[in-house]
Amino acid sequence: MPLSVLLVHQSFPSQLSAVLEALEARGDVALAGIGTNPYARPGLRYRRYMPPLIEPRGDIVLDDLAAKASFAAGAAAAARALRYDGFVPDVIVAHPGWGESLYMRDLFPKAKIVCYCEFYYMRSGGEVDFDPEFTVTTPEILHRMRARNAITLASLEDADICVAPTNWQRATFPDFLSGRMRVIHEGIEVPPAPPPRPRPAKGERRAVTFAARHLEPHRGFHIFMRALPRLLAADPTTDVVIVGSDKGGYGATPTDGRTWLEVFREEVGGLDPARVRVLGKLEPRRFHEVIGASSAHVYLTFPFVLSWSLLEAMALERPLVLSDTSPVRDFFDGGEGGKLVDFFDPAGLADAVGSLLSRPATARKMGVRAREMLFEHELTREHGRAKWLDLILSL
């Protein structure tokens, strides 16, 4: 009988895309998926679930726990539907963060379970106490993080193997899980290397790019914005292009109802809209066009999950200026692949970008080296597919 594998992820397939693609390519694997979003794929039995409605109580801890329990119940209902249809998985790969994997062992006691371990909330050393400007203001926020970790740990108790995307993300989890932890990044699809760009002519306009899913402090947006007056004043031929949504985010939103873009645009003031453009969220092809046309790309982050946007910029051979923070140091040591700067130093950031723009030959070498590092650190989708397949076949 063919191997049967069930993939469970709230926004299916998301980080499990490499697993799905690897098993599809093998051809002799029966596949099923569970998620909350509409999804269809030939050869995949997909069950969409709707979490049972819950009545909010106004307590951020209890409401968060209730939401996780609701997701667990919805995913379990979808799993029972698959079992009723005759699908019994040999292997289950699930993201435990929303509670969806909580009941899978009860429903499929003989299955091997692999949990995708994206992040474990830490009291210190992570995003909570990193930036003194954005400290935790209430104990309830810490309580909610403990509760989220409790749901994750309850799922990891059932896991035969745990997979983290990077060494730093693995290190966020408790030491007692280390024996079951593996590091496999899902990887990105790497396009062909871009052709060499001609040396910019004197006076030619150049773009500096910044990209994040959400324009918020977790991704250093406040530091980048504070660097702009110095950066733009230093060179009148430099423009800035910002990519990302000004709504939502991993951290708290401003208490006055504004977005972080509005807050920091007002704080720095006087930015010429003709030189600083905010494009919002872009579809992948347009994102690649914008980032690929930049003369330097800035990536900043709290100690938090590393962004795919950084890997995309590496693939596009962009010269990089990066925050000297722990997730970035997983892959960059300040050598040829990217310039590391103090996260909290807007002036230093502006000067580092300006220095890179003034040395196009050095910048070109840096971009080429960044792309090479994708392969050296096995951050391509090809590497991700191969590693995931090897892992699942070994169970």
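What you see below is based on every heavy atom in this structure, not just the backbone, and it leaves out hydrogens, waters and symmetry mates.
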Original post:
Looking at the rings of His9 and Trp98, which for Trp means the six-membered one, are their centres under 6.0 Å apart?
Top reply: yes
Subject >> Aromatic ring proximity, centroids under 6.0 angstrom, Phe304 and Trp168 >> reply: no
Mind listing the closest non-hydrogen atom pair of [X] and [Y] along with its distance?
{"X": "Glu100", "Y": "His95", "result": "OE1-O, 4.1 Å"}
{"X": "Pro191", "Y": "Arg371", "result": "O-NH2, 2.8 Å"}
{"X": "Leu232", "Y": "Arg275", "result": "O-NH2, 3.2 Å"}
{"X": "Leu82", "Y": "Ala32", "result": "CD1-CB, 4.0 Å"}

Original post:
Is it true that the side chains of Gln169 and Thr172 contain a donor and an acceptor less than 3.5 Å apart?
Top reply: no
Who pairs with [X] by side chain to side chain contact (heavy atoms under 4.5 Å, CB included), at least two apart in sequence or on another chain?
{"X": "Leu107", "result": "Ala76, Ala79, Arg80, Arg83"}
{"X": "Glu157", "result": "none"}
{"X": "Arg258", "result": "Asp256, Glu262, Val263, Glu266"}
{"X": "Ala72", "result": "Leu102, Tyr103"}

Transitive ILVMFWY cluster of [X], excluding itself - 4.5 Å side-chain cut-off:
{"X": "Val368", "result": "none"}
{"X": "Tyr84", "result": "none"}
{"X": "Leu279", "result": "Val241, Val243, Leu282, Phe287, Val290, Ile291, Leu316"}

Subject >> Residue from Leu356, Thr209, Leu349 passing side chain to side chain contact (heavy atoms under 4.5 Å, CB included) with Val298 >> reply: Leu349
When the side chains of residues 220-229 are checked against the rest of the protein, which donor-acceptor pairs come out under 3.5 Å, sequence neighbours left out?
residue	atom	partner	partner atom	Å
His222	NE2	Asp131	OD2	2.8
Arg226	NE	Glu267	OE2	2.7
Arg226	NH1	Glu133	OE1	3.0
Arg226	NH2	Glu133	OE2	2.7
Arg226	NH2	Glu267	OE1	3.2

Group every Ile, Leu, Val, Met, Phe, Trp and Tyr by side-chain heavy-atom contacts under 4.5 Å, then state whether [X] and [Y] land in the same group.
{"X": "Leu23", "Y": "Tyr39", "result": "yes"}
{"X": "Tyr120", "Y": "Ile161", "result": "no"}
{"X": "Val268", "Y": "Val208", "result": "yes"}
{"X": "Phe173", "Y": "Tyr116", "result": "no"}

Original post:
Under 3.5 Å, is there a donor-acceptor pair between the side chain of Thr325 and the main chain of Thr301?
Top reply: yes
Original post:
Listed by chain and number, what are the salt bridge (Lys or Arg N to Asp or Glu O under 4.0 Å) partners of Arg206, not counting sequence neighbours?
Top reply: Asp235
Original post:
If you look only at pairs with a residue in residues 329-351, which of them pass as a salt bridge (Lys or Arg N to Asp or Glu O under 4.0 Å), with sequence neighbours excluded?
Top reply: Arg230-Asp351, Asp324-Arg329
Original post:
If you look only at pairs with a residue in residues 309-321, which of them pass as a side-chain hydrogen bond (donor to acceptor under 3.5 Å, both in side chains), with sequence neighbours excluded?
Top reply: His288-Glu312, Glu317-Arg364
Original post:
Got more than 12 heavy atoms from elsewhere within 6.0 Å of CZ, Arg146?
Top reply: yes
Subject >> Residue pairs fulfilling ring pair (Phe, Tyr, Trp, His ring centres under 6.0 Å) with at least one residue in residues 348-384, sequence neighbours excluded >> reply: Phe331-His377
